[in-house]
Amino acid sequence: MNSTALIINGLTLLCLIFAFKKDRQKAKKALKIALKASLRMAPMVIMVILIIGLMLGFIPKVTIARIVGEKAGLKGIIVVAFVGAILHIPSLISFPLAASLLKSGASITSVAVFITTLTMIGIVTLPLEIRELGKKLALLRNGFSFIIAIIIGLIMGAIL
Amino acid sequence: MNKAEDKKKLKQDIIALIITIIATIFLLYTFPSKRAVVLTTSWKFFFEMVSILPAVMILMGLFAVFVPNDLIIKHLGETAGLKAILLGILLGTLPTGPLYVAFPMASALLKKGARISCIVAFLSAWACIKIPQEMVELQFLGFKFMIARLILTVFFVIIMSLIIEKFVKYQTV
C-alpha cells in the first residue's frame, strides 16, 4: 500500500471512530450505504480495470499518443472533451482510466480535459437537468463547462 | 433516478461486464504473448483501487448520513454575496451521489431564491471537486496533478458562475 492509500485509510478510520462515538445508529447506516454503493459500482470497476489492462496490452503507445498525445493538437483535445462529455461513467472510475491513458502516452492536457468534461458535463443527463433547472441555465452550464475544461487542461499542460 | 431505473442500469452494467470478460478471455486466448502484460496491468490497477475504494465509499456514506441534503439547501438558500459562491463550492464538495441527484437540490435552491452563481458553483463543485473524488485522483494521478486541477477548477468555476448569472439576468429582464 502506498502512502496516499495509507493516509486516506487512516483518515477514514478516524472519521469512522468519531462518527461511531457521536451517533452509533447513524454511523451504522453510513456503513450500510457504503456497502450498497460499493456493490452497485463493482461491475463497472471490474470492467474498467479489464479495459485498462487490454488497452495497455494491445494498443501501442504510439497510437494512443497520436490520438491524445502532445502532438495531437487542439483537434485531439476537442475530441477528448467530447468523449468525456458523452461518456456516462462514475467519476471515481475515471481516475484509474485517466492514469492509464497518461501512462500510455496521452498528454496531461487531454487527461485533465477528459476528467473535467466527464465529471462536469452530462449529455445523458441533460434532459433531466433542463427539466429541473430550465433550458437556459442547463445549456449555459454545460456549454461554459466545456470551455473551462479546455482552458483548465491547457493551463495544466503548460505548468506540469 | 428511481429504484426501477437504477435496477435496469445495474443489469446493463452486469451485461457489459460479462461482454468485457468474454472479450478479454478471447483476446488473451488468441494472443498468448499479451497475457502477462494485460494481467499484471489489470492486477496492479485492481490492487490500487481496492486499497482506497472501501475507505472512499465509507467516507461518502458518512457524508450522506451526517450532512443531509436539506441542511445544505437551507444554508445555501440563505447566504448572499461572494460568500454564497464560496459556500456553494464548499458545500458542493461534501455530499455524495452522481450529478443527477444534485439537480433537484439545485431546483429547490432556485425556488428559494438563491443566487444563480451560487447554484452553478454548487453544481460544478458537486460534479468536479468532491472530497472523496479528490482522494482517488490523488492516488492515481499524484499530488501535483490533483492540486493543480483543484485550484484551477475552483478559480474558473467562480468566474463561470458569475458570467452565467449575468447571462441569465439579462435574458430574463
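Each chain gets a letter, A, B and so on, in the order its sequence line appears, and its residues count up from 1.
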Any side-chain heavy-atom pair of A:Pro96 and B:Met49 under 4.5 Å: yes

Part of B:Lys44 lying under 4.5 Å from any heavy atom of chain A: side chain

Evaluation steps, side-chain contact (heavy atoms from CB on, under 4.5 Å), between A:Leu11 and B:Met135: CA-CA 11 Å; A:Leu11 186 76; B:Met135 290 177 163; 3.3 Å; yes

Close side-chain approach of A:Thr125 and B:Phe103, heavy atoms under 4.5 Å: yes

Among the listed options A:Leu13, A:Leu16, A:Ile46, the residue most often paired with chain B at heavy-atom distances under 4.5 Å: A:Leu16

Side chain / backbone / both / neither for B:Leu99 at chain A, heavy atoms under 4.5 Å: side chain

Residue part contacting chain A, namely of B:Pro54, when any heavy atom lies under 4.5 Å: neither

Among B:Ile21, B:Val37, B:Thr20, B:Ile18, residue most engaged with chain A (heavy-atom pairs, under 4.5 Å): B:Thr20

Which atoms of B:Ala106 approach chain A - backbone, side chain, both or neither, heavy atom under 4.5 Å: both

Between OG on residue B:Ser51 and CG on residue A:Asn9, distance to nearest 0.5 Å: 7.0 Å

Any residue of residues 60-72 of chain A which, by heavy atoms, sits under 4.5 Å from chain B: none

Close contacts, residues 17-30 of chain A versus chain B, judged by heavy atoms under 4.5 Å: A:Ala19, A:Asp23, A:Lys26, A:Ala27, A:Lys29, A:Ala30

Gap separating the CG atom of B:Leu62 from the OG1 atom of A:Thr12, nearest 0.5 angstrom: 8.0 Å

B:Thr40, part contacting chain A, at a heavy-atom distance under 4.5 Å: neither

Side-chain touch B:Phe156/A:Ile155, heavy atoms, less than 4.5 angstrom: yes

Most chain B-contacting option - heavy-atom pairs closer than 4.5 Å, from A:Cys15, A:Gly53, A:Gly143, A:Ala42: A:Gly53

side-chain contact (heavy atoms from CB on, under 4.5 Å) between A:Ile52 and B:Ser42, intermediate numbers included: CA-CA 7 Å; A:Ile52 288 173; B:Ser42 284; 5.7 Å; no

Selection from B:Ala36, B:Ala64, B:Ala55 maximising heavy-atom pairs under 4.5 Å formed with chain A: B:Ala55

Contact winner vs chain B - A:Ile33, A:Leu137, A:Leu54, heavy-atom pairs under 4.5 Å: A:Leu54

Interface moiety of B:Ile159 toward chain A, non-hydrogen atoms closer than 4.5 Å: neither

In one Ile/Leu/Val/Met/Phe/Trp/Tyr side-chain cluster, 4.5 Å: B:Trp43, B:Val50: yes

Spacing of A:Leu50 atom CG and B:Leu17 atom CG [to the nearest 0.5 Å]: 7.0 Å

A:Met41, part contacting chain B, at a heavy-atom distance under 4.5 Å: side chain

Value rounded to 0.5 Å, distance of OG1 in B:Thr153 from CD1 in A:Ile152: 4.0 Å

Check: B:Phe31 ring centroid to A:Phe58 ring centroid under 6.0 Å: yes

Options A:Glu132, A:Met47, A:Arg141, ranked by heavy-atom pairs under 4.5 Å with chain B, top entry: A:Glu132

Gap separating the CE atom of B:Met57 from the CZ atom of A:Arg40, nearest 0.5 angstrom: 10.0 Å

Within-4.5 Å side-chain heavy-atom neighbours: A:Leu133 and B:Leu123: yes

A:Lys103 versus chain B, the contacting section by heavy-atom distance below 4.5 Å: side chain

Heavy-atom check, side chain of A:Leu56 versus side chain of B:Val38, under 4.5 Å: no

Portion of B:Leu53 that has a non-hydrogen atom of chain A nearer than 4.5 angstrom: side chain

Joint hydrophobic cluster, B:Ile72 plus B:Tyr100, side-chain heavy atoms closer than 4.5 Å: yes

Pick from B:Ile14, B:Leu39, B:Asp13, B:Ile52 with the largest number of heavy-atom pairs that fall under 4.5 Å of chain A: B:Asp13

Within residues 136-150 of chain B, residues adjacent to chain A where the heavy-atom gap is under 4.5 Å: B:Val136, B:Glu137, B:Leu138, B:Gln139, B:Phe140, B:Leu141, B:Lys144, B:Phe145, B:Ala148, B:Arg149

When A:Ile93, A:Thr4, A:Ile121 are compared by non-hydrogen pairs under 4.5 Å with chain B, the top option: A:Thr4

Interatomic distance, A:Ile148 atom CD1 to B:Leu152 atom CG [nearest 0.5 angstrom]: 10.0 Å

Heavy-atom contacts under 4.5 Å, residues 104-114 of chain A to chain B: A:Ile108, A:Val111, A:Ala112

Cationic tip of A:Lys136 above B:Phe167 ring, under 6.0 Å, 45° of axis: no

For chain B, the option from A:Leu118, A:Leu35, A:Ile51, A:Ile49 that forms the most heavy-atom pairs under 4.5 Å: A:Ile49

